Participant: 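Structure provided below as structure tokens; questions to follow.
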Amino acid sequence: MKLALLGPEERRYSELRLLKEAKKVFETVTYFPISKLVLEFDEKEVKILYRGKNILEYDALLPRIPKSYMKFGYLLLCFAREQKIPIPISPESVLYTHNKFLTLIALAQANVPIPKTYLSLKRATLEKILENIKYPVVLKLLYGCAGKGVMFADSKQSAISIMDMLEAFKQPVFVEEFIKNPGEDIRAFVIGEELVACMKRKAKKGERRANIAAGGVGEKYEAGDEERDLALRAAKALGMKVAAVDILPGKKKYVIEVNVYPGLKGIENATGINVARKIVEKVYELATSV
Ligand code: ADP
């Protein structure tokens, strides 16, 4: 069995972990850097080439597609899907999960609870809403990640000044209801129909974002039935057999994000679970069941 691992040119912790574990499960593993690929096609044939090797001749494809490559990555996965190569995520999930608003739309359509959300191209159109909304509110960049681009406004005035800044940078204005929480979120790692690892991330003192990149600390967490159910439904809604789902805890739980390019370091360190191995085994299972 031959595995094509697709990812950024620079291999970091997660790519290296997947490579290491994949070599124990597959006979052949090749790393394909997205930025170095050539898509060669005519009306009869398609090839996705790197150093003479064609991804479309592999038995399975495990993609790690960062936001900067999402459109090209989507295209590559579409070609692979056409050739019936097993992939643990749908091509569409790359476009949807890298855009916070599209993620929330997909979740809402699948009846997964999400914070009340508003999107508008201009601040002026949201002015009325800002009068009646509860503060703080959350403002987000559509394409932010690792907590960068998540802002909190404690009053209408500060919401407006953040929105003006967004408008000046030609960014859509994306406002979310603030979900009361003790500075914590839950990261639930779904593989197939299973929640394989779960951690709670605690924001550092004085910070509202629980991201590890924003100074948060992760610790092992036993998910309850409701969290498990939400995580599985969220992954399914986006067509993903490998997904990291972020949930805001509290009396009522909300899914705020689904990650197609999750880091493995935080979750493996916090839980002691070999998540990389479980991902690779799932891909092997997909490859051998076609
Ligand atoms: P990123 O993709 O950059 O991680 P998120 O949307 O996951 O952005 O938000 C980052 C963090 O901000 C979350 O982990 C959570 O701690 C906090 N947060 C995000 N949305 C809300 C919200 N609606 N209410 C309260 N806290 C939030």
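Since this is a predicted model, take the numbers as computed values, not measurements. Order of appearance sets the numbers: ligands from 1, and atoms from 1 within every ligand.
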Participant: What protein heavy atom is closest to atom 3 (O) of ligand 1, reported as residue, atom name and distance in Å?
Facilitator: Gly147 N, 2.6 Å
Participant: Any salt bridge between Arg12 and Glu10, counting N to O under 4.0 Å?
Facilitator: yes
Participant: For ligand 1, which atoms have a heavy atom of Asn181 less than 4.0 angstrom away?
Facilitator: 25 (C), 26 (N)
Participant: Once you restrict to heavy atoms under 4.0 Å, what part of Val150 touches ligand 1? Side chain, backbone, both or neither.
Facilitator: side chain
Participant: Using 4.0 Å as the upper bound for N to carboxylate O, is an ion pair formed by Arg81 and Glu92?
Facilitator: yes
Participant: Which protein heavy atom lies closest to atom 25 (C) of ligand 1, and at what distance to 0.1 Å?
Facilitator: Ile179 O, 3.4 Å
Participant: Nearest 0.5 Å, please: how far is CG in Leu166 from CG in Leu141?
Facilitator: 6.0 Å
Participant: Looking at atom 4 (O) of ligand 1, what's its closest protein heavy atom, distance included?
Facilitator: Asn211 ND2, 2.6 Å
Participant: Any atoms of ligand 1 less than 4.0 Å from a non-hydrogen atom of Asp185? List them with their elements.
Facilitator: 13 (C), 14 (O)
Participant: At under 4.0 Å between heavy atoms, is it the side chain or the backbone of Glu184 that contacts ligand 1, or both, or neither?
Facilitator: neither
Participant: Once the angle between the rings of Phe79 and Phe41 is folded into 0 to 90°, is it parallel (under 30°), tilted (30 to 60°) or perpendicular (over 60°)?
Facilitator: tilted
Participant: Under a 4.0 Å heavy-atom limit, does Lys100 contact ligand 1 with its side chain, its backbone, both, or neither?
Facilitator: side chain
Participant: Does a salt bridge link Asp59 with Lys2, judged by any charged N lying under 4.0 Å from a carboxylate O?
Facilitator: no
Participant: Answer with side chain, backbone, both or neither: which part of Asn259 has a heavy atom less than 4.0 angstrom from an atom of ligand 1?
Facilitator: neither
Participant: In sequence, state the C-alpha distance, the side-chain angles, and the governing distance for Asn181 and Arg208, and then conclude on side-chain contact (heavy atoms from CB on, under 4.5 Å).
Facilitator: CA-CA 9 Å; Asn181 70 88; Arg208 281 166 164 162; over 6 Å; no
Participant: What are the two closest heavy atoms between Ile89 and Val94, and how far apart are they?
Facilitator: CD1-CG2, 4.0 Å
Participant: Among Arg187, Arg201, Lys202, find the one that has a salt bridge (Lys or Arg N to Asp or Glu O under 4.0 Å) with Glu219.
Facilitator: Lys202
Participant: Find all atoms of ligand 1 within a distance of less than 4.0 Å from any non-hydrogen atom belonging to Ala210, and give their numbers and elements.
Facilitator: 14 (O), 16 (O)
Participant: Step through it carefully: locate the ring centre of Phe26, locate the ring centre of Tyr284, and say whether they are under 6.0 Å apart.
Facilitator: yes
Participant: Check each of Lys140, Lys180, Arg208, Glu176 against atom 17 (C) of ligand 1 and report the one with the nearest heavy atom.
Facilitator: Arg208
Participant: So, regarding Leu248 and ligand 1 (criterion: nitrogen or oxygen to nitrogen or oxygen, under 3.5 Å), is there a contact or not?
Facilitator: no
Participant: Please list the nearest protein heavy atom to atom 7 (O) of ligand 1 with its residue and the distance rounded to 0.1 Å.
Facilitator: Glu257 OE1, 3.0 Å
Participant: Is there a nitrogen or oxygen of Arg209 sitting under 3.5 Å from a nitrogen or oxygen of ligand 1?
Facilitator: no
